Engineer: 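A single structure is presented below for examination.
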Amino acid sequence: MKKILLVDGNSLLFRAYYASAYAGPVLKTTTGIPTNAIFSFANMLTSLISDRNYYDVKVAFDKSKKTFRHDKLENYKAGRSATPEDLIPQFQIVREFLDSSNISWWEKENYEADDLIGTMSKIIENNFSEFEVEILTSDKDMFQLISDKTKILLPKTGTSNLELFGEAELLEKWEVAPKNVVDLKGLMGDPSDNLKGVEGVGEKTAIKLLKEFQTIEGIYENIDSISGKLQEKLINGKDSAILCKEIATINCEVEIENLVFEPINLNLNGLINFLEKYEMNSLVKRLSTRVGNINGKDEQINKEEIKFNQLKKWNNEFSCETNFLYIESIDENYHKGQILGLAICNEKGFFYLNDIINDLELEQFFLNDNFKKNTYDIKKTVTLLRNNNIKFSFSSFTYDAMIASYVLNPNVTSRIQNLANIVETELFVEEDELFYGKGVKQNKEIDTASKAKFIVGKLELLYSTHKPIINLLKENNQFNLYEKIELPLVEVLFNMEQKGILIDKVELDKQTARTLFLIEELEEKMKVILKDQISENFNFGSPKQIKELLFDQIGLPSNKKQSTDKEALEKIIHLHPVINLLLEHRKLNKLYSTYLRGFEKFIFDDNKVHTIFNQTLTNTGRLSSSEPNIQNISVKDELQREARKIFISNNDTKFFSFDYSQIELRVLAQLGQEDTLLNIFKNDRDVHAEAARKIFKLEENEEITSDQRRIAKVFNFGIIYGLSDFGLSNDLKISIPEAKRFIDDYYLSFPKLMTYKNSLINQATVNGYAETYANRRRIVNELASSNFMVKNFGNRIAVNMPIQGTAADILKVAMNNIHKEFRENNLKSFMTAQIHDEIIFEIFESEESLAVKIVEECMQNAFIDLSKIVQKEEQPIEVKLEVNKSKGNNWFELK
DNA sequence: TTGAGATGCAA
DNA sequence: TATTGCATCTCAA
């Protein structure tokens, strides 16, 4: 059966608006026209059409402010909040979108979209037996239109999650037939339309009544058989109920002229013109793929085809002073990546090489500093070259689009429409999946011609966005961050990844076996204790099974969520002997599966792990590490800490770790110009102890207990993270008012902090982004939210990001400078890891004194050096950065 | 096979 | 109802 989609345009546009407002900031063209709702609307509609294979689609809109419903009810829809200002112009533009893409839309004076859709669905039901109807709306009133041929598509969360309602689903949800939806509505009312219904009758009562009497009329005919308060309420609300029912009833008798049904035929070029006009370039490619599907033909985008030369071997006659190049490789871990092709463009044209192995002329190109190379992801690119034995000059790579895009906008999921995002998500992430497929369906064996076209297409984008991106960086005052901090760091990280970390396989095997034995022993013990309660194949790693065992079978008390995490289990540890063993089991399992046995798959042939330092991932500017993550190796628990013994230094070096002491609090003191805090650091005092002194109002010579210090430490961190009194009371196991009092005392002790926090929130709200000292920005969409929780989250981001991010900026400067100094002093010692506030090196004994001196100086001076890089010297850096050092043959011995 | 949720590790 | 990350496991779609 052919399906026809009827869309409630107003409802969908509202939905699109709020969904996109949550997902990203308000999307605008360069001339300031808001387009976020359209973007979402177009996305939803085209993906729906393409996914669900409709024969035809019609969109209906409300027309004019007054409908017959207003005549019936003076305050119809009066309670509704005003349409957001930036949504209003989009009602017109969405019609333009439909026109340009050849989707028919309808509106009629004095009617709402409901009525048009209702009428159309009835027309189809009565006259076109070959069609069935699906109605896209978030208006539950429309449920009255459900029939054996008509269903409702209701958006659930976001925009892509839809639920299909037919008769059966409706019956299950509301226990009424479609024709009684209006009765239900009459009784319940609808606050969004200012319909009161019968006061005191809600969904439950209404359903009960209708199950007995079917309709409102039926209820009042039998009003005598209803007793007590309910009868009274119904009698009082009779007029309202009948009126509300009438208003909720969709008019299916509207006159609609020229209604014909014909196969969808989207106008691709019209659509592209529209999208380009409103600067939604990123949609062009995605939509055109879908539209191709819909129209059942492989239409070409109306763009000039890029002409390129496919070469067998490179010839340096084609090389220029400035070149753009892109090496294609889609393996997730580039250390094991395969090169699928290479495209180069410059003043002499576009070139494509399918195979670059043993191309000596190409190697000369890569080695020559006079041939500058601009690319996307330099670190990955040169890693691929290196692993294919192609020599290169690192310094000839002069532009990295990935890094530049990240500096412009670290929040890739944001729907902000700028070049950074286009480069990031559209071309280099989503497009790969479309082209090669993903997961098991991924296929690298694509015919060379279309692969070449695809790769050259990427290169073209890389090339065409280069200048605008550089201009944007300069415009945003972020060029120094890009050029002086992030770009030089690429080489530092590349070297770290290449050096890797040596693994002691003997130690690893020893610990793996030992831990596995302990786990099995524990399981036996637990099975004995629980022999009557669990079956042979009980899984101790399954939260679901643990939950059933502890709370249902044994009957231990639990919190509302029935969480079985460590915190919850510790609360009931004394109530059953198995809990303690279970916690121990969890700990050992984690150790075994993540840090011991789990590590084996990351060890390369050289007995080393080569992590990937992600430079463009976090929202704050920190690095992250993966495969393996070497930034979360256990340290707190003595037993788990043993795992650190597997990281060993090379024969002729020792590990040195240098970590900043409380760098985030120092950043906070400096940026917030908090004198009390600054003085604590200036006098080399213990910041947690001093905070305790303040909160607990201790005298100068009074002793600080370890408990007081512990509590103060929680505070100091809480300030950075935006802790609430609730969270604090939970954490410290004190009452909420008590926590609140402590917080007040804390802010009184450090008076500038509140001012600073407020200024950060204010700044982020005004600008739409939070920023670090180095002008790194993070767009904070959450601040625009009307949802209290989301907005509060935005507040915490606005405070935390500048602090955490500035600390990250400082680390990056330190790393760059150390790398440079090591090189200038011809040191063989090298950096191996960065763990947010700590840098780990392998240092040769003969170089120890010089290397340590360089590291300490670079780290201590990094904030000041940063201030020079971003030209903020006029405000001197007062805070002193303290660095602690430790030395060892393995990571266990560090710290 | 894939994705979400729970859990736990780090700064 | 505390920030930023990543890996592993289970379980259901």
Side-chain angles (χ1 to χ4, degrees), chain A residues 161 410-411 437-442 539-547 561-569 582-583 585-599 601-602 611-614 617-637 639-641 643-644 659-665 668 714-732 736 739-740 743 770 778 780 788-805 807-808 811 833-839 891 895:
Chain A
N161 191 358
N411 186 1
K438 62 172 174 176
V440 280
K441 292 189 205 93
Q442 189 180 75
N539 186 345
F540 290 101
S542 163
K544 196 181 158 203
Q545 292 180 33
I546 294 287
K547 211 175 282 188
K561 279 189 313 192
Q562 292 209 337
S563 164
T564 66
D565 67 11
K566 202 165 145 214
E567 198 192 329
L569 290 187
L582 197 53
L583 285 167
H585 182 262
R586 286 247 183 96
K587 197 162 84 179
L588 290 169
N589 237 343
K590 175 82 175 184
L591 179 64
Y592 175 76
S593 60
T594 304
Y595 298 106
L596 298 173
R597 195 214 60 203
F599 243 73
K601 63 174 164 302
F602 299 123
T611 188
I612 291 178
F613 286 107
N614 302 108
L617 186 141
T618 70
N619 280 320
T620 53
R622 276 188 174 188
L623 301 175
S624 85
S625 152
S626 56
E627 298 187 77
N629 178 359
I630 50 93
Q631 292 180 317
N632 71 341
I633 310 300
S634 310
V635 67
K636 286 169 186 157
D637 179 86
L639 179 66
Q640 289 176 316
R641 197 167 178 276
R644 295 197 154 224
D659 73 294
Y660 280 114
S661 157
Q662 286 113 25
I663 187 166
E664 290 182 344
L665 282 173
L668 175 65
V714 171
F715 266 95
N716 280 334
F717 280 100
I719 294 308
I720 294 169
Y721 299 147
L723 188 58
S724 65
D725 48 10
F726 180 94
L728 198 66
S729 73
N730 206 29
D731 202 83
L732 295 175
I736 295 183
K740 198 163 157 41
I743 292 179
R778 169 176 178 177
V780 193
F788 180 76
M789 300 247 279
V790 175
K791 189 160 181 165
N792 268 345
F793 182 49
N795 286 347
R796 293 195 293 272
I797 293 171
V799 175
N800 175 265
M801 185 271 175
I803 301 170
Q804 189 183 114
L811 261 291
Q834 188 252 42
I835 312 172
H836 308 306
D837 63 357
E838 174 189 10
I839 313 174
W891 279 24
K895 271 197 177 172

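If you're wondering where the values come from, they're calculated on a predicted model, not measured in any experiment. Numbers restart at 1 for each chain; the letters A, B, ... are given by sequence-line order, proteins then strands.
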Engineer: With rounding to whole Å, what would you report as the distance between dA4(B) and dA2(C) at their C1' atoms?
Structural biologist: 24 Å

Engineer: Would you indicate what K561(A) reaches in the nucleic acid, counting non-hydrogen atoms under 4.0 angstrom: base, sugar-phosphate, or nothing?
Structural biologist: nothing

Engineer: Check this for me: K601(A), atom NZ, are more than 12 non-hydrogen atoms of other residues, nucleotides or ligands nearer than 6.0 Å?
Structural biologist: yes

Engineer: Sequence neighbours excluded and cut-off under 3.5 Å, please list the side-chain donor-acceptor pairs for residues 621-630 of chain A, or say none.
Structural biologist:
{"residue": "R622(A)", "atom": "NE", "partner": "Q804(A)", "partner atom": "OE1", "Å": "3.4"}
{"residue": "S624(A)", "atom": "OG", "partner": "N614(A)", "partner atom": "OD1", "Å": "3.1"}
{"residue": "S625(A)", "atom": "OG", "partner": "T611(A)", "partner atom": "OG1", "Å": "2.9"}
{"residue": "S625(A)", "atom": "OG", "partner": "P628(A)", "partner atom": "O", "Å": "3.2"}
{"residue": "S625(A)", "atom": "OG", "partner": "I630(A)", "partner atom": "N", "Å": "2.9"}
{"residue": "S626(A)", "atom": "OG", "partner": "N614(A)", "partner atom": "OD1", "Å": "3.3"}
{"residue": "N629(A)", "atom": "OD1", "partner": "Q631(A)", "partner atom": "N", "Å": "2.7"}
{"residue": "N629(A)", "atom": "ND2", "partner": "N632(A)", "partner atom": "OD1", "Å": "3.4"}

Engineer: Any base atoms under 4.0 Å from V799(A), or only sugar-phosphate, or nothing? Heavy atoms, all strands.
Structural biologist: nothing

Engineer: With sequence neighbours excluded, what pairs up with S593(A) under the side chain to side chain contact (heavy atoms under 4.5 Å, CB included) test?
Structural biologist: R597(A)

Engineer: In a check of side chain to side chain contact (heavy atoms under 4.5 Å, CB included) between S634(A) and each of R644(A), Q640(A), R641(A), which one passes?
Structural biologist: Q640(A)

Engineer: I'd like a list of close polar pairs between nucleotides 11-13 of chain C and the protein, N/O only, cut-off under 3.5 Å.
Structural biologist:
{"residue": "dC11(C)", "atom": "OP1", "partner": "S542(A)", "partner atom": "OG", "Å": "2.5"}
{"residue": "dC11(C)", "atom": "OP1", "partner": "Q545(A)", "partner atom": "NE2", "Å": "3.4"}
{"residue": "dA12(C)", "atom": "OP1", "partner": "K544(A)", "partner atom": "NZ", "Å": "2.7"}

Engineer: Mark up nucleotides 1-6 of chain C, 5' to 3', with B wherever a protein heavy atom is under 4.0 angstrom from a base atom, S wherever such an atom reaches only the sugar-phosphate, and - elsewhere.
Structural biologist: BBBBBB

Engineer: Closest heavy-atom contact between K587(A) and L639(A)?
Structural biologist: CE-CD2, 4.4 Å

Engineer: Under a criterion of less than 4.0 angstrom to any heavy atom of chain A, what are the 5'-terminal and 3'-terminal contacting nucleotides of DNA chain B?
Structural biologist: dT1(B) to dA11(B)

Engineer: I633(A) near the nucleic acid: base, sugar-phosphate alone, or nothing, with a heavy-atom cut-off under 4.0 Å?
Structural biologist: sugar-phosphate

Engineer: Which heavy-atom pair separates L596(A) from A643(A) by the least distance, and what is that distance?
Structural biologist: CD2-CB, 4.3 Å

Engineer: Only counting residues at least two apart or in another chain, list the ones meeting side chain to side chain contact (heavy atoms under 4.5 Å, CB included) with N795(A).
Structural biologist: I761(A), L783(A), N792(A)

Engineer: Starting at CD1 of I743(A), measure out to OG of S724(A) and round the result to the nearest 0.5 Å.
Structural biologist: 7.0 Å

Engineer: Between C1' on dA7(C) and CG on N589(A), what's the gap in Å once rounded to a whole number?
Structural biologist: 13 Å

Engineer: Just checking K601(A): base, sugar-phosphate only, or nothing, at a heavy-atom cut-off of under 4.0 Å?
Structural biologist: sugar-phosphate

Engineer: Can you tell me if K547(A) has over 12 outside heavy atoms packed within less than 6.0 Å of its NZ?
Structural biologist: yes

Engineer: Is the closest side-chain donor-acceptor distance between R778(A) and T618(A) under 3.5 Å?
Structural biologist: no

Engineer: To the nearest 0.5 angstrom, please state how far the CD1 atom of I663(A) sits from the CG atom of L668(A).
Structural biologist: 12.5 Å

Engineer: Counting any heavy atom closer than 4.0 Å, what does K791(A) reach on the DNA or RNA strands: base, sugar-phosphate only, or nothing?
Structural biologist: nothing

Engineer: Identify whether any heavy atom of R641(A) sits under 4.0 Å from a base atom; if not, whether one sits that close to sugar-phosphate; answer base, sugar-phosphate or nothing.
Structural biologist: nothing

